[in-house]
Every structure is written in structure tokens, then in C-alpha cells.
Amino acid sequence: MDTHRPARREDLAGLPVDVAPTLLGALLQTSLPDGPAGIGGTVTVRITEVEAYHGRGSGDVADPGSHARMGPTARNATMWGEAGHLYVYLSHGIHSCVNVVCGPAGQGDGILLRAGEIVEGAGIARRRREAKGVARTDRDLARGPGRLGDAVGLRHALHDGIDAVTGQPREGAVARLHLRVEPLAEVATGPRVGVAGIAGTAAYPWRFWIPRDPTVSAFRPGRGAV
């Protein structure tokens, strides 16, 4: 990994909108055992699309689209911890979505991993998708936050809070985040996907992606977003 290095807490200490572009091209590697929680093995995803979400009081603009906008809850507790842990939440009661906690502890900042390319363990990722009755092309294995969560095998609530900086195991799983030594020179930005109201409009251009990368998910507006 000459082009990458292990992430440090200080790399993730800034505002989500500042940290999010630095995650593009980064590698998230997970290793899980076989067992009731799912199919084991090591998978590495190259991150191609992310969304920034500010905590309560972060930055100059309130974020009505953030899980942390109303303060700490049982669901979002991981967001209020130290940077580098992964907030794994359940979407629509089905999909486990993966976020990188950033900013100072107690602020509730996070970055959703929206899409990526599987660069190691594609066969394992494919089996995980097939276990749900869905088989995808390699391009689609981690194209979208629910698919990415499936591909890397992290599950709410089993792995919520796992530390991707130290690699400390959680329920048998290990996650490690490696950032690019040199951030990408070209980054695209625009409204977040499927976020309702003003938080999903051009007023919040807090989605970042690698231009022309085929694994980036398709854009769709949220309810009431214009």
C-alpha cells in the first residue's frame, strides 16, 4: 500500500465537509469470521463516493439531514464518540450502512460511505450479496451504501462502533481505514442522494465522488428536495 497509509485520529478531526473529500480513494478493509453473523473473509473497498453530515452545532450551517441534528440518541450514540470509529446504522430496517465518525468527540459528525470498488475479496462480497438473494456485477457490489455495507460485512448493531484506526476487534470483526498519501486532485461535488427537504438540495452540496468512476451510485432527489 505505498499509495496509502493508516488513518490517524487527527486526519479525521475536521469538519465533515472538509474531511469527506480526503476519504475518496481511501481503502476500508474488513476481516470477519464465518458464523451466524454472516460470511467470513477479508474484503477491501476503494471508496469512490461519500456524503458529509454535520453534528449539532458543527460549522456555520445547521444540517437538517443529519442523524445527530437533535442530539445524542441510542441509535446515533457512536457519532458522538472519537473520530475513526464506524457508525453502522440500519436503513429502512434492512440495510446496514457504514459511516466514518469525524470531528471532535461530543459533536456528532459523520461521513457516509456511499459507494466503492471492491479491490480485494470480490468473491466474498458476491457471496454476501447472493445470500440475500441478490447477485450483482462486480461494478455494483458496493454501488450504494446498503450494498457497500453488505460487501464489507459490517452489521448493525453487532459492529456499530468498531474502531477503524486501531483495528481493535469487535464481535470477531476487524476494520482498518487507509487514506491516500496524496489526496485526489479531481473531486466532484453536489447534493446528497435521497435526503428529504432542503438538506437534499444544492444548498447542501455535501456529496463528494470520483468523477467518471463507474461505481458511483445514481443520483435521486429526496422527498421535497427541489
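Treat the numbers as computed from the prediction; the structure is a model and nothing was measured.
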Can you name the residues that form a side-chain contact (heavy atoms from CB on, under 4.5 Å) with [X], not counting sequence neighbours?
{"X": "Val61", "value": "Tyr204"}
{"X": "Ala188", "value": "Trp209, Pro211"}
{"X": "Leu90", "value": "Ser96, His156"}

Tyr87: partners by side chain to side chain donor-acceptor pair (under 3.5 Å), with sequence neighbours left out: His67
Under the side chain to side chain donor-acceptor pair (under 3.5 Å) test, which residues partner Arg8, sequence neighbours left out? Glu10, Asp11
Looking at Asn99, Val98, Leu177, which one forms a side chain to side chain contact (heavy atoms under 4.5 Å, CB included) with Leu113? Val98
Let me have the donor-acceptor pairs involving side chains of residues 141-149, under 3.5 Å, with sequence neighbours excluded, atom names and distances please.
from, atom 1, to, atom 2, distance (Å)
Arg143, NE, Pro214, O, 3.4
Arg143, NE, Val216, O, 2.9
Arg143, NH2, Val216, O, 3.4
Arg147, NH1, Arg143, O, 3.2

Where at least one partner belongs to residues 105-116, residue pairs that pass side-chain hydrogen bond (donor to acceptor under 3.5 Å, both in side chains), sequence neighbours excluded: Glu49-Arg114, Ser58-Gln107, Ser58-Asp109, Gln107-Asp109, Arg114-Ser217
Which residue pairs pass the side-chain hydrogen bond (donor to acceptor under 3.5 Å, both in side chains) test with at least one member in residues 179-197, sequence neighbours excluded? Asp63-Arg192, Glu186-Arg212
What pairs with His159 under ring pair (Phe, Tyr, Trp, His ring centres under 6.0 Å), at least two apart in sequence or on another chain? none
Hydrophobic cluster (4.5 angstrom, side-chain heavy atoms) - remaining members for [X]:
{"X": "Met70", "value": "none"}
{"X": "Leu158", "value": "none"}
{"X": "Val174", "value": "none"}

